[in-house]
Protein chains: 2
Amino acid sequence: MSASVTSRALDLLGAFDADHRALTLSTLARRAGLPLATAHRLVGELQRWGALARLESGEYVIGRRLWDLGLLAPVQAGLRQAASPFLHDLYGATLATVHLAVRDGCEVLYIDRLAGHVSVPVVSKVGSRLPMHATGVGKVLLAHAPEPVRAEVLGKLTRVTPYTITQPARLLDQLRRVRAEGFATTGEEMSLGACSVAVPVRGPAGEVVAALGLVVPDLRRERARLVAALQVATQGISRVLASGQWN
Amino acid sequence: MSASVTSRALDLLGAFDADHRALTLSTLARRAGLPLATAHRLVGELQRWGALARLESGEYVIGRRLWDLGLLAPVQAGLRQAASPFLHDLYGATLATVHLAVRDGCEVLYIDRLAGHVSVPVVSKVGSRLPMHATGVGKVLLAHAPEPVRAEVLGKLTRVTPYTITQPARLLDQLRRVRAEGFATTGEEMSLGACSVAVPVRGPAGEVVAALGLVVPDLRRERARLVAALQVATQGISRVLASGQWN
DNA sequence: ACTTGCCTTCCATTGGACGGAAGGAACACC
DNA sequence: GGTGTTCCTTCCGTCCAATGGAAGGCAAGT
């Protein structure tokens, strides 16, 4: 077992998460399970390199160098850039919160998000992961995911709100309709007061590479219009993906 | 001298940049200045942790775990989110490429960018660093940077296009005007066919925390309108920064 | 069949990581 | 002002894990 020296440094970085963006040295050491003296030395090296930065308060945070290193990840390199203008058009046309997401294992990973000044209660943030069965983009991605993934997700449908779908049969039925109709919807299944519509984004070979979604307070009246807007956008993105170089 | 074990792993990560997003093991080793066997082992650890991922081709790329770790960096955590809606308004009002940037050492670091479908030749990408003396946002940030930084930048004004300002005296004069007038402009100093306007973004205490800029093909006619639009946006951002929690 | 360029594994050596302990600095409480 | 607490930093002898040369295995190219 005995952790290698490199993995210790990585464990220190792993101690940071969305709820712990700034940590003191001792907290950092505790969370990484390292002696204080060891953590101190490693943190010093990470800081010197720019992976960590130190606030005036003395707390450590993820540094700029890691930030821009992360931007080189192919998660988004092309997709995000290709989609950006279309997300913007979509926002302009709908004034709804716009989401671009991909599947990462059995979760939805949000790779871009575009919100207005005031917005519906939305949980997602760029870089956050949410369950697939309770979000619009999640249902789309799940509907087009390989069978083993679908099986695993269906096996563990956790309840988030009173409206979350937790019966496998019912979700399966919905997924079938998502494939048939080309879009997915949710109604307060992830967050009360928030409904969503989502459509798949297809790559050059027709495979689903991402999902594009809108979050609105109420879906009843506008569904048709929103789906139409989404489809315009998704077709635009696919065209760019097919033509351009997107890694 | 002798690099510590941690810093070797970091050097491997540092071998990636905007022009080298995917590297073979041997290239990686060469760029990091490490023996192949050593690089092989370290890369393996990084991959196991999720810092690196391997493509089918065998090449290594930055992994998803580093991507979302990077998103926790305070570079953008609040600023970017607070600014986002205003950037869209700005794009809507001007249809120009919109930039949000901060100063990182002696360079400009672009933390957000919003471009339309067609755009002027723009070099910047989110996460990229450009010289301060040849960009609009750079001039703004430089004008409000601490003296030692200004001195260092002025000492090395590299030429990018025929229009790049390389005389310290002339740049100093411009910086004075930037402070007095509250905005900076460039004319093809970074990229031929691209002009820019930029204004400072101020934090709660009035300090300059970022710069907001527009890139357009021609500046002559529209300058006044663009500056006005920028100022509306920058004031909105400052208001959000002052009120909300942005850290 | 030979060469060249990749990647992977092995293992004896040794130099640098390790972490307990002690020293400091800042704050709070009585 | 003494005493306790919680943080950060530095030191240094021990010892173990990182090191990297060497060798082997593919795959492509000539």
Side-chain angles (χ1 to χ4, degrees), chain A residues 1-17 19-66 69 72-74 247, chain B residues 1-17 19-66 69 72-74 247:
Chain A
M1 280 286 79
S2 60
S4 80
V5 60
T6 301
S7 77
R8 295 187 182 206
L10 293 173
D11 286 345
L12 278 173
L13 295 179
F16 291 91
D17 64 34
D19 301 322
H20 301 86
R21 304 189 155 205
L23 297 169
T24 64
L25 177 59
S26 31
T27 314
L28 204 41
R30 188 159 7 91
R31 284 175 63 90
L34 294 178
L36 193 62
T38 306
H40 181 257
R41 182 170 27 83
L42 291 176
V43 162
E45 284 182 60
L46 290 169
Q47 184 185 357
R48 221 164 300 125
W49 189 81
L52 295 180
R54 199 157 192 194
L55 305 176
E56 314 81 57
S57 65
E59 289 175 312
Y60 290 94
V61 292
I62 300 292
R64 281 178 179 167
R65 188 129 180 219
L66 266 194
L69 203 53
L72 300 177
N247 204 335
Chain B
M1 283 279 82
S2 58
S4 82
V5 59
T6 301
S7 77
R8 295 188 182 204
L10 293 174
D11 286 345
L12 279 172
L13 295 179
F16 291 91
D17 63 33
D19 300 322
H20 302 85
R21 305 189 156 206
L23 298 169
T24 64
L25 178 58
S26 32
T27 314
L28 205 40
R30 187 158 8 91
R31 284 176 62 90
L34 294 177
L36 193 62
T38 305
H40 180 255
R41 184 169 28 82
L42 292 176
V43 161
E45 285 182 60
L46 291 169
Q47 184 185 358
R48 223 164 298 127
W49 189 79
L52 294 181
R54 200 160 192 192
L55 303 176
E56 314 79 58
S57 65
E59 288 174 313
Y60 290 94
V61 292
I62 299 292
R64 280 185 177 161
R65 188 135 180 213
L66 266 194
L69 201 53
L72 299 176
N247 181 347

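Just so we're on the same page: letters track the sequence lines, and every chain starts at 1. Computed from heavy atoms alone, side chains included, the values below leave out hydrogens, waters and symmetry copies.
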Between residues 22-38 of chain A and DNA chain D, which residues have a heavy-atom gap below 4.0 Å? Thr24(A), Leu25(A), Ser26(A), Leu36(A), Ala37(A)
In whole Å, I'd like the distance from the [atom1] atom of [X] to the [atom2] atom of [N].
{"X": "Leu12(A)", "N": "dC18(C)", "atom1": "CG", "atom2": "P", "answer": "10 Å"}
{"X": "Leu42(A)", "N": "dA18(D)", "atom1": "CG", "atom2": "P", "answer": "12 Å"}
{"X": "Asp11(A)", "N": "dC18(C)", "atom1": "CG", "atom2": "P", "answer": "12 Å"}
{"X": "Glu56(A)", "N": "dC8(D)", "atom1": "CD", "atom2": "C1'", "answer": "17 Å"}
{"X": "Glu45(B)", "N": "dT8(C)", "atom1": "CD", "atom2": "P", "answer": "15 Å"}

Using a 4.5 Å cut-off on heavy atoms from C-beta on, say whether the side chain of [Y] contacts that of [X].
{"X": "Asp17(A)", "Y": "Arg31(A)", "answer": "yes"}
{"X": "Ile62(A)", "Y": "Leu52(A)", "answer": "yes"}
{"X": "Asp11(B)", "Y": "Leu34(B)", "answer": "no"}

Find which nucleotide of DNA chain D each of Arg54(A) and Thr6(A) is nearest to by heavy atoms, and output the residue with the more 5' nucleotide. Arg54(A)
For [N], does OP1 or OP2 lie under 4.0 Å from any side-chain N or O of [X]?
{"X": "Arg41(A)", "N": "dG19(C)", "value": "no"}
{"X": "Arg8(B)", "N": "dG20(D)", "value": "yes"}
{"X": "His40(B)", "N": "dT8(C)", "value": "yes"}

Arg21(A) CZ to Leu55(A) CG distance, which is reported to the nearest 0.5 Å: 12.5 Å
So if I apply the side chain to side chain contact (heavy atoms under 4.5 Å, CB included) rule between Tyr60(A) and each of Leu28(A), Leu12(A), Thr24(A), Leu23(A), which one comes out positive? Leu28(A)
When you measure from the side chain of Arg65(B) to the backbone N and O of Trp49(B), does any donor-acceptor pair fall under 3.5 Å? yes
